[in-house]
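Scroll down for the structure; my scribbles are underneath it.
Heads up: numbering here begins at 1 and tracks the sequence. Only this structure's heavy atoms are used, side chains among them; waters, hydrogens and symmetry mates stay out.
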Amino acid sequence: MDLVHVEYDQTGKSKSTNALGMREMQEMAYEGRTAQYLLLKAPPASGKSRALMFIALDKLKNQGIKKVIVAVPEKSIGASFGSTELKKFGFFADWNPNPKYNLCTPGEEKSKVTAFLNFLESDEELLVCTHATLRFAFDGLEPKKLDDTLVAIDEFHHVSAEGDNILGQVLKSIMHNSTAHIVAMTGSYFRGDSIPVLMPEDEAKFTKVTYTYYQQLNGYEFLKSLGIGYHFYTGKYFKKHPEKEMSALAEILDENQKTIIHIPSVNSAESSKEKYEEVNHIIDVLGELEYQDETTGVLHIKSQKTGKILKVADLVNDNPKSRDKISAYLREVKSVDDIDIIIALGMAKEGFDWPYCQHALTIGYRGSLTEIIQIIGRATRDSNNKIHAQFTNLIAQPDAQDDDVKLSVNNMLKAITASLLMEQVLAPNFKFKIKKDEDDEDEEDDDKTIKIRGFKLPTSQRAKDIIDTDLNDLKAKLLQDPQMLKAMPGNVEPEVINTVLIPKIIREIYPDLSDDDVEAVRQHVVVDSVIKNSTIEEQGDKKFIRMAGSFVNIDNIHIDLIDQVNPFQKAFEILSKSVTTQVLKLIDEHIQSTKIEMTEEEAILLWPKIKEWVKNNKGEQPSIQAFDHKEKRMAEALVFLRELKRKKALENG
């Protein structure tokens, strides 16, 4: 069952080019080319590599930059920065790095570091290397050597402000001790953990260009829709279920869809710990191996369903000769018929380009939101062989007999939060304004502008920047917070989530914000989340929004009304329809065993609801043993308030 299903308008806008040969995102990035520090946030396949070429060439010709260093996380991604014709499409220069200084090639790291240092002393302008080479070369290098140099870091989320992240230390040293320019590029800025990519004071120095997933997909020519779904299994994903005819994998693997299968990490609970055996099981599900092409490494498998020959690439085999052979073949794929299925473990994620891919099938929970976005990006290239792209996560159901039941529950909850975030990332952006009693009749707003009564606007530039460019990153941090994870399924009142938990987390993330700006950011993140999870319908000349099961006239929306809606509950409602009652009970028990501690603020907020509950139940107080989450929470608040009253009485004498 899809938790997320989004349809797009196929405008073609993100693929069309201007007079300089730039696509929509590249044009936006080029407008920020004079910034010393530029952070480009754009989804996979939006053209970040070429955007960097345009910016770098302008810096070389017009901004006094003498050299350009491009650092990528893996050698295979270096191919994205090979020689590229730009002049014939309208730009003033081509991108022509000297092959001598393409360091994303086989060989020892020591020789690459030597080549890197030689480059700095040469007359050459362009060098492409891996993050590792940059790190090693910087060890002992005087940062001033990078004066008048542009350092471009691809997949910037590999950087971290954590003390032992060497790439983060290198970046900080370059910023603080040289005149170098920096272009940082990433498909998703959140890392998947609680560690910031940059410290706030360093991040504030970057000019940010954000191009959303929605802008990218809505501007495609062929792709019409994207689905994100979860399939839950018991036992082993590749073994037949006792009550079913086939394995969970066989149920969802459609050989007619061009598919990338990512098997579980060998360190995960879902893994059999025998990665080669898992590949063999997948081949068995597909059919029978006829032969392996000696030149290309492609497996030719006769389908047990249709009898046709399927071309399969095995990227799990880490024998260097086998891996290099099939990787080289995949880089040269030119036709939809060249490959049918790719089986991978750690590869085929960042920077991997197979436009024909229709289905990204990932087995096992992925802890990093960034990794999920990168994997989804493999299927969201625009191609004439597909109108729909699909991401499916095959996850083990928690089992009461399993020693790791808590881990399984946590994995399931985190997987669901990833889908919540992706729904936010994939939806169109809205603008929010204050609704006044008498709106200016001359003011015209588009259909993506919503006016809200009681809405608070930011007062500082810092808060405005967070709202303009960082809302999805903030949502990612909210969704990864342990307290929020336990609150989302509905065992905590929406007002507590929206007005207690969310501002508390915002203060922790942005300690420099004033109380007024914390409230403004809180309102924006709540409103944006609720609106994107709602549906807007027109009836006559009026618009209505469906929130929490009821229709509200869009002209009458008040912030107090929105604060009564749990912005994250939709996915859990769908989850409850797709797993067994026993699994839901396990999830509930786990959440209850690690329940959120009560705060005075939450207890006071619940007090009016407690009084109303007592009134409606003929004077009976809510029970702390109640099965209903909300009744139990009110009972806990009542106990807390009594204890608080007792302590204050003791303090007063």
Side-chain angles (χ1 to χ4, degrees), residues 76 222-223 227 229 231 233 236-241 244-264 272 274-349 352-363 375 378-392 394:
S76 61
F222 303 107
L223 191 64
H231 191 89
Y233 69 91
K236 296 294 183 185
Y237 69 88
F238 49 75
K239 290 190 175 178
K240 287 184 181 180
H241 190 278
K244 295 183 179 180
E245 294 278 325
M246 59 184 73
S247 67
L249 177 65
E251 281 185 325
I252 57 173
L253 179 54
D254 182 353
E255 65 182 41
N256 295 310
Q257 298 282 306
K258 302 293 181 179
T259 303
I260 294 179
I261 304 170
H262 280 104
I263 68 172
S272 68
E274 298 290 340
K275 60 183 183 181
Y276 298 135
E277 284 302 309
E278 291 188 40
V279 173
N280 290 337
H281 284 302
I282 293 171
I283 291 171
D284 288 343
V285 166
L286 291 170
E288 185 176 339
L289 177 63
E290 293 276 294
Y291 70 96
Q292 183 173 18
D293 189 297
E294 291 185 5
T295 305
T296 64
V298 173
L299 303 171
H300 291 251
I301 297 170
K302 186 175 182 180
S303 166
Q304 64 173 333
K305 292 181 180 177
T306 63
K308 76 175 183 179
I309 298 298
L310 301 171
K311 295 179 181 178
V312 177
D314 173 11
L315 293 178
V316 178
N317 186 344
D318 47 18
N319 178 290
K321 287 185 179 179
S322 300
R323 173 79 64 83
D324 290 346
K325 193 184 293 184
I326 190 63
S327 295
Y329 175 79
L330 292 175
R331 279 197 295 272
E332 298 302 319
V333 163
K334 296 288 191 296
S335 163
V336 69
D337 298 320
D338 287 345
I339 204 79
D340 295 300
I341 291 170
I342 296 172
I343 307 170
L345 182 56
M347 295 183 70
K349 296 175 187 175
F352 182 82
D353 192 13
W354 183 32
Y356 308 114
C357 178
Q358 297 162 292
H359 188 190
L361 170 55
T362 299
I363 302 161
I375 291 172
R378 299 318 102 201
T380 56
R381 262 67 171 169
D382 201 30
S383 175
N384 61 10
N385 72 308
K386 62 186 177 188
I387 59 171
H388 178 77
Q390 182 70 37
F391 168 75
T392 304
L394 190 55

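Note that the OG1 atom of T296 and the CD1 atom of I326 stand 5.5 Å from one another [nearest 0.5 Å]. Rounding to the nearest 0.5 Å places CG of L361 at 8.0 Å from CD1 of I282. Distance check: I375 CD1 to F391 CZ gives 6.0 Å after rounding to the nearest 0.5 Å. Between the NZ atom in K258 and the NZ atom in K311 there is a gap of 8.0 Å [rounded to 0.5 Å]. Rounding to the nearest 0.5 Å gives a distance of 5.0 Å between CD1 of I263 and CG of L345. We find the CZ-CG distance between R381 and D353 to be 4.5 Å, quoted to the nearest 0.5 Å.
Summarising the geometry of S303 relative to E255, their closest heavy-atom pair is OG-OE1, 2.7 Å, with the distance given to 0.1 Å. Nearest heavy atom pair, residue I301 against residue G287, reads CG2-C, 3.8 Å. Residue A250 comes nearest to K305 through the heavy atom pair O-NZ, 4.1 Å, listed as atom of the first residue, atom of the second, then distance. Of all non-hydrogen atoms in W354 and I341, the two that sit nearest each other are CH2-N, 4.3 Å. P355 approaches N385 most closely through the heavy-atom pair O-OD1, 4.4 Å. Residues A389 and A379 approach most closely at CB-O, 3.2 Å, considering heavy atoms.
Under the 3.5 Å distance criterion, the side-chain polar atoms of Q292 are left unmatched by any main-chain donor or acceptor of L299. Remark: side-chain polar atoms of Y356 are paired, donor with acceptor, to backbone N or O of K334 under 3.5 angstrom. In terms of modelled atom types and a separation under 3.5 Å, the side chain of D340 and the main chain of V312 share no donor-acceptor contact. Between the side chain of Q304 and the backbone N or O of E288 there is no donor-acceptor pair closer than 3.5 Å. D338 places no side-chain N or O within donor-acceptor distance of the main-chain N or O of V333, the cut-off being under 3.5 Å. K386 places no side-chain N or O within donor-acceptor distance of the main-chain N or O of H359, the cut-off being under 3.5 Å.
At most 12 non-hydrogen atoms from other residues, nucleotides or ligands lie less than 6.0 angstrom from CD1 of I387. In this structure, K302 places its NZ atom where only 12 or fewer heavy-atom neighbours from other residues, nucleotides or ligands lie under 6.0 Å away.
Proximity of Q257 to Q390: side-chain heavy atoms (C-beta onward) are nowhere separated by under 4.5 Å. For the pair N256/K308, a side-chain contact is recorded, criterion being any heavy-atom separation below 4.5 Å from C-beta on. No side-chain heavy atom of T259 sits under 4.5 Å from any side-chain heavy atom of D254.
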Let me see the working for D318 and Y276 under side-chain hydrogen bond (donor to acceptor under 3.5 Å, both in side chains), right down to the final yes or no. CA-CA 10 Å; D318 47 18; Y276 298 135; 2.5 Å; yes

Does the side chain to side chain contact (heavy atoms under 4.5 Å, CB included) test come out yes or no for L330 and L315, once each step is laid out? CA-CA 10 Å; L330 292 175; L315 293 178; 4.0 Å; yes

